[in-house]
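What follows is a set of notes on a single structure, which appears directly below.
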Amino acid sequence: MTTIMEGKAVAAHLSEKIKKALSESDKHGISPKVAFVRVGERSDSISYERAAIKRFEKFSIETEQYHFPDDVSARSFLSKFREINEDYSINGILLLQPLPEHIDMKRVEELMNPIKDIDGMTPFNLGQVVTDDENRLEPCTPAGVMEMLEFYDIPLKGKDVVVVGASEVVGKPLSLLFMNRDATVTTCNAYTNDLAGKCRQADIIVSAAGVINLIGADHVKEGAVVVDVGINFNDAGKMVGDVDYDAVRDKTSYITPVPGGVGAITTTVLAYHLMMATDYQKEPVLFLER
Ligand code: NAD
């Protein structure tokens, strides 16, 4: 029998932890605040920002928004970004990506204070994924995948995992998170030979390629766990993942839908990371149960 892994259930579980942390932080007179930083008017960035703000507001967490026009000079953007970064009242920063080409993303990543980096994108936080540090802010989407697998009690130790996609934001850090849990990981990319053959060996497949119907029945062994991170829009404008869901579902033991799977967890992970970030900043006052 196949279990459909619902992002909503995972988000609800994480929300309870956030509420508990908020009530503890309140006892210490601490009110976390998050800043959203966006350059330009990309519709995908705007809708992600809206969804994240809505999530934070549900927890009554204060938000501040900093919007810059597409043609803002790199110098004035970086100068304002520095101010936000150094503002003691701001505990977490979410930088909407991508930035326009004339602003060097690497520069911004290096500038951002890692303990405010709730999206886990700075070199320091990515490095902590490599070294498997306990108190780290992980990139949100990979963290959401791990939360999903943990919530559904999927064992990872000794399992064969195929991660399809090797980007810096999803595939690479996710592969490392699996390695940290003693799984054996194969990370595939657009040039991988015999993707279907590699996937067929896997106990767990996570697809984060951004290609409609990339993973079909031929890629999945009987009883495998399939997690679909992909967000694509088909010709009819409907949101779909990378996995041919109807063809694959009955072969799997666990599968995520799109929408309603991993995507439904990300903004809650962000809110959880804000609590972690605030907690670190206020040490030795520790209010988060880990
Ligand atoms: P990206 O374009 O940066 O990277 C895609 C990766 O997939 C690359 O490593 C590429 O080599 C690989 N790839 C492309 N075609 C392939 C193929 N045919 N076979 C094997 N590998 C292939 O994308 P990204 O930012 O990592 O995002 C990946 C997908 O995840 C996108 O659909 C994106 O919208 C989605 N996404 C979802 C969430 C979420 O919250 N659910 C968050 C971030 C990204």
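Atoms within each ligand, like the ligands themselves, are counted from 1 in listed order.
Under 4.0 Å from ligand 1, the heavy atoms of Val169 that appear belong solely to its side chain. Contact annotation for Val164 and ligand 1: only side-chain heavy atoms (C-beta onward) come within less than 4.0 Å of the ligand. By the criterion of a heavy-atom distance under 4.0 Å, both the backbone and the side chain of Ile231 are placed next to ligand 1. With a 4.0 Å cut-off on non-hydrogen atoms, Asn232 touches ligand 1 through its side chain and not its backbone. Residue-level proximity to ligand 1 for Thr141 is carried by the side chain, the only part with a heavy atom below 4.0 angstrom.
Lys33 has no carboxylate O lying under 4.0 Å from a charged side-chain N of Asp87, or vice versa, which leaves the two without a salt bridge. Under the 4.0 Å criterion applied to side-chain N and carboxylate O atoms, Asp104 and Lys106 are not assigned as salt-bridge partners. Salt bridge absent: Glu110 and Arg82 never bring a charged side-chain N and a carboxylate O closer than 4.0 Å. In summary, Asp203 and Lys221 engage in a salt bridge, as defined by a charged side-chain N under 4.0 Å from a carboxylate O.
Annotation: cation-pi pair Lys80/Phe68 absent, no NZ/CZ under 6.0 Å from the ring centroid and within 45° of its normal.
Looking only at heavy atoms of the protein, atom 18 (N) of ligand 1 is closest to Leu214 CD1, 3.5 Å. Protein heavy atom closest to atom 5 (C) of ligand 1, with residue, atom name and distance, is Ala209 O, 3.6 Å. Nearest to atom 44 (C) of ligand 1 among the protein's heavy atoms is Val170 CG2, 4.0 Å. Atom 31 (C) of ligand 1 has its closest protein heavy atom at Gly210 CA, 3.7 Å. Of all protein heavy atoms, the one closest to atom 30 (O) of ligand 1 is Val229 O, 3.6 Å.
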Quick one, Val258 with Val240, criterion side-chain contact (heavy atoms from CB on, under 4.5 Å). Give me CA distance, side-chain angles, the key distance, then yes/no. CA-CA 6 Å; Val258 175; Val240 295; 5.5 Å; no

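Here Glu16 pairs with Lys19 under the side chain to side chain contact (heavy atoms under 4.5 Å, CB included) rule; sequence neighbours left out.
No side-chain donor from either of Gln201 and Asp160 sits under 3.5 Å from a side-chain acceptor of the other. The closest side-chain donor-acceptor pair between Asn125 and Thr122 falls under 3.5 angstrom.
The N/O atoms of Ser167, backbone and side chain alike, include one that comes under 3.5 Å of an N/O atom in ligand 1.
Of the options Gly165, Ser207, Pro173, the smallest heavy-atom separation from atom 12 (C) of ligand 1 is shown by Gly165. The heavy atom nearest to atom 10 (C) of ligand 1, out of those in Ala190, Cys199, Gly263, is found in Ala190. Between atom 40 (O) of ligand 1 and the options Thr266, Asn189, Val145, the minimum heavy-atom separation is to Thr266.
Every atom of ligand 1 is numbered from 1 in the order shown, and the set under 4.0 Å from a heavy atom of Val211 is 15 (N). Interface of Ala166 with ligand 1, defined as ligand atoms under 4.0 Å from a residue heavy atom, comprises 6 (C), 8 (C), 9 (O).
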Atom pairs and distances, donor-acceptor, side-chain atoms in residues 142-156, under 3.5 Å, two or more places apart:
residue	atom	partner	partner atom	Å
Tyr152	OH	Glu6	N	2.9

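Remark: atom 2 (O) of ligand 1 lies closer than 4.0 Å to no protein heavy atom.
For Asn180 (side chain) and Val129 (main-chain N/O), a donor-acceptor pair under 3.5 Å exists by modelled atom type.
Ligand 1 has Ala208 within reach: a non-hydrogen atom of the residue lies less than 4.0 Å from it.
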